[in-house]
Amino acid sequence: MKKYFDEAFQEIFSEFRLNRIPVLISFIISFIGAIMILTNFSQLIYLSAVFSLSIIFLIEKTINYTNNKEINLEIIVFSLITLLLLTLPTILPSEISFPVEGLNFALTNEFNSSLALIIFGLIGIRFSLLNVFKENKKVKQGSAFIYLFLALLSVLSVLFLIMAFIFINGITSISWEFLTQDISNMGADGGVFPAIIGTLLLGLGTALVSIPLGVGTSIFLIEYTNSDSNLVRFIRTCVNVLYATPSIVHGLFGLALFVPLFGISLLTGSLILGFLTLPIVIRSSEEALQSVPKEIRDASFAMGATRWQTIKNAVLPPALPGIVTGAVLGLGRAFGETAPIMFTAVYFTGAGLPQSLLDPVHALSYHLLELTRLIGYKPVSEKAWGTALILLTIVLTMNFIGIRIREKYSS
Amino acid sequence: MTEKRVKEKAIKYVFLTISILSTSIIFFIFAFLINESLPAIQQLGLDLLSFEWNAHAGEFGLFPALLGTILVTIVALIISIPIGIGTSLFISEIASPILRSYLKPLIEVLAGVPSIVYGFIGIVMFVPYTQSTFNLLSGYTIFTGGLVLAIMALPIIISISDDALQSVPDELKNASLALGATKWETMRKVTLPAAISGVSTAIILGAGRIIGETMAVMLVVGSVMKNPEPFFDIFESGSTLTSLIANNMGEAFGLQVNVLFAAGVILLTMITILSLLSDWIQLKVEKKFGE
């Protein structure tokens, strides 16, 4: 505990005292509400959660009562709230709709009950902290910290639920055949082998475009110019705009410029994805070059080395991990992109393995898009889960490697 | 000696050329998109922004997609800003350095989940969820798009605003703590106001990602080119600029292609403004903290 949180936060849960239990209960109630508002509301989980938590609370209060012999108003209030929560799904109208013409949605009971759970939990946290801390300041601080903790927990659990869902559903369709066979019957049978190869080839092409351009640009920016000059500022601004440019716009650009020249092909896709990932490579290499101490350059110059010799022999070797990070993160982005290549580089079926740079390819991301569109028309959902799992694994692995290298060398 | 100097000069010009090439890409993108959309602008003029989209009748009003983009962005930001900033406050200020060193990379890794995966998850999870929770005929709504995009933008917003909060000098925080303020008062009244420009950069960049996102939104938003009735009804199917382009470019011909390029120009202009705005704020921050 001490290792992981700030002191002020530890204070709330540090010692296990009985007066911490209501805080914990309110916390769990609002967390369950937060999860249920996004996942399917289950009456059973709801009732059992409220019921068991209130039992724990009542036991705690009874122990307190036998010790202090004081009649506690809280027991009555909390029992009433528990009763209210337990009967809430039946008390609330089955749906609340709005009497505005054209608005056809209604807030269903499931939504309202989850929302009520969250609100009761949040209020409960605030009031139960009154028993823990004497000063109003600390009560405020405690409840604010728990709210922030709830935000973190809900973000992490939603993201993990999504990952777990993909893993559980996807792992059953992963097999040797799925990885090595050709796509057949519009993706409903067979495997995704050409799509994996296509994605890897596109990644290779992307790296061949973005690394020379990106590393070259960052060397110019860091080694050959004054970092405050207007030229540098201008280049950075342009690179930032390129970084923010939506991927579909890159796709349109490719459609306008490269498709007339090279057709729908591996080459077109590589060029577009290379431009898309260029800003990522530039940023990481810039950071890497900047982190090389000035003394190293000075020492090299003092030995009579020219600027290029200095860059080649003294600056680039220590900056290499950072440059690799940029390349790896860029590749992770390129593997996952769909919008830039959908009109410019890929076919859903029939592309096979490309024989030359000017052939179209398959790609995992585009394959997943087409399978998603076919759900409901063809029995493809099992294959779609498998494809999603493979794509997610490749992209997250690349990201993980990139971030790990950066962590390791930034310190 | 002179040969060496010539070589050095040549190498410098090679790097200069590479930089000019990298810098010019964005201008090429603008030029080619505008060039392709010129016929649409010439033929339709301001009708390009009218309310009616009917490809068969030759009516190409982009307004429904523009409105859809704005509504989706608002929904996504309303969901993701409070949760995202709350989470970044926790990671930056309450978690210990050890916990932070686990959480920050985790969030950054999760920021890389491909948008098509979110689109797929949106169809199998969030479309049925929206339909049943809000008792709708169809779960393919603007709200669903906003919800999926909010989840997708969260790691980005968290990561950038955490960086902003971290850049607030410790002296400021310590001064406040020394005056007897609690940790929470310091966070609310000192750290957050000091980092507000960085945090707003995070929101702007998050908004940029939301506006420009294609795959996650096109699969769940319903892709119907009509204005919601009333205009703020987010529980109706709609279209965004990106989903319009992605859905129609495959089958488009004639003037419609140019209209879709014009939609791309609008999109790119919006994004460019946001990017320049965040750069400008960043510049102000650097001046403020003298870094």
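Within every chain, numbering begins at 1; the chains are lettered A, B, ... in the order of the sequence lines, protein sequences first and strands thereafter.
- Heavy atoms of B/Met215 lying under 4.5 Å from chain A belong exclusively to its side chain.
- Residue B/Glu93 touches chain A through its backbone alone, counting heavy-atom pairs closer than 4.5 Å.
- With a threshold of 4.5 angstrom between heavy atoms, B/Ile20 does not approach chain A through any atom at all.
- The ring of A/Phe253 has its center no closer than 6.0 angstrom to the ring center of B/Phe28.
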So A/Leu156 and B/Ile107, side-chain contact (heavy atoms from CB on, under 4.5 Å) or not? Walk me through it.
CA-CA 8 Å; A/Leu156 288 183; B/Ile107 297 282; 4.1 Å; yes

Run B/Ser19 and A/Ile235 through side-chain contact (heavy atoms from CB on, under 4.5 Å) and show every step you take.
CA-CA 8 Å; B/Ser19 301; A/Ile235 294 178; 4.3 Å; yes

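- Among the candidates B/Ile211, B/Leu154, B/Thr242, B/Ile151, the residue making the largest number of heavy-atom pairs closer than 4.5 Å to chain A is B/Ile151.
- Neither the backbone nor the side chain of B/Ile85 comes within less than 4.5 Å of any heavy atom of chain A.
- If you measure heavy-atom distances from B/Ser278 to chain A, you find no contacts under 4.5 Å at all.
- With a 4.5 Å cut-off on non-hydrogen atoms, B/Leu219 touches chain A through its side chain but not through its backbone.
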List the steps and the verdict of side-chain contact (heavy atoms from CB on, under 4.5 Å) for A/Tyr224 and B/Ile11.
CA-CA 11 Å; A/Tyr224 285 98; B/Ile11 288 171; 3.6 Å; yes

As a quick check of understanding, evaluate salt bridge (Lys or Arg N to Asp or Glu O under 4.0 Å) for A/Glu223 and B/Lys12, giving each step before the final call.
CA-CA 10 Å; A/Glu223 305 295 329; B/Lys12 183 178 173 177; over 6 Å; no

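- Taking all atoms of both residues into account, the shortest heavy-atom contact from A/Leu213 to B/Ile18 is O-CG2, 3.3 Å.
- Residues B/Lys183 and A/Gln141 approach most closely at N-OE1, 3.1 Å, considering heavy atoms.
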Just do the side-chain contact (heavy atoms from CB on, under 4.5 Å) check on A/Phe105 and B/Ile234 with the steps written out, would you?
CA-CA 9 Å; A/Phe105 74 98; B/Ile234 51 173; over 6 Å; no

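- When the options A/Leu152, A/Leu150, A/Val155 are evaluated for a side-chain contact (heavy atoms from CB on, under 4.5 Å) with B/Ile83, the one that passes is A/Val155.
- Options B/Gly119, B/Gly112, B/Pro155 differ in how many heavy-atom pairs under 4.5 Å they form with chain A, and the most are formed by B/Gly112.
- Looking at A/Glu407, its side chain never comes within 3.5 Å of a backbone N or O of B/Pro105 through a donor-acceptor pair.
- A distance-only check finds no donor-acceptor pair linking the side chain of A/Tyr147 to the backbone of B/Gly86 [under 3.5 Å].
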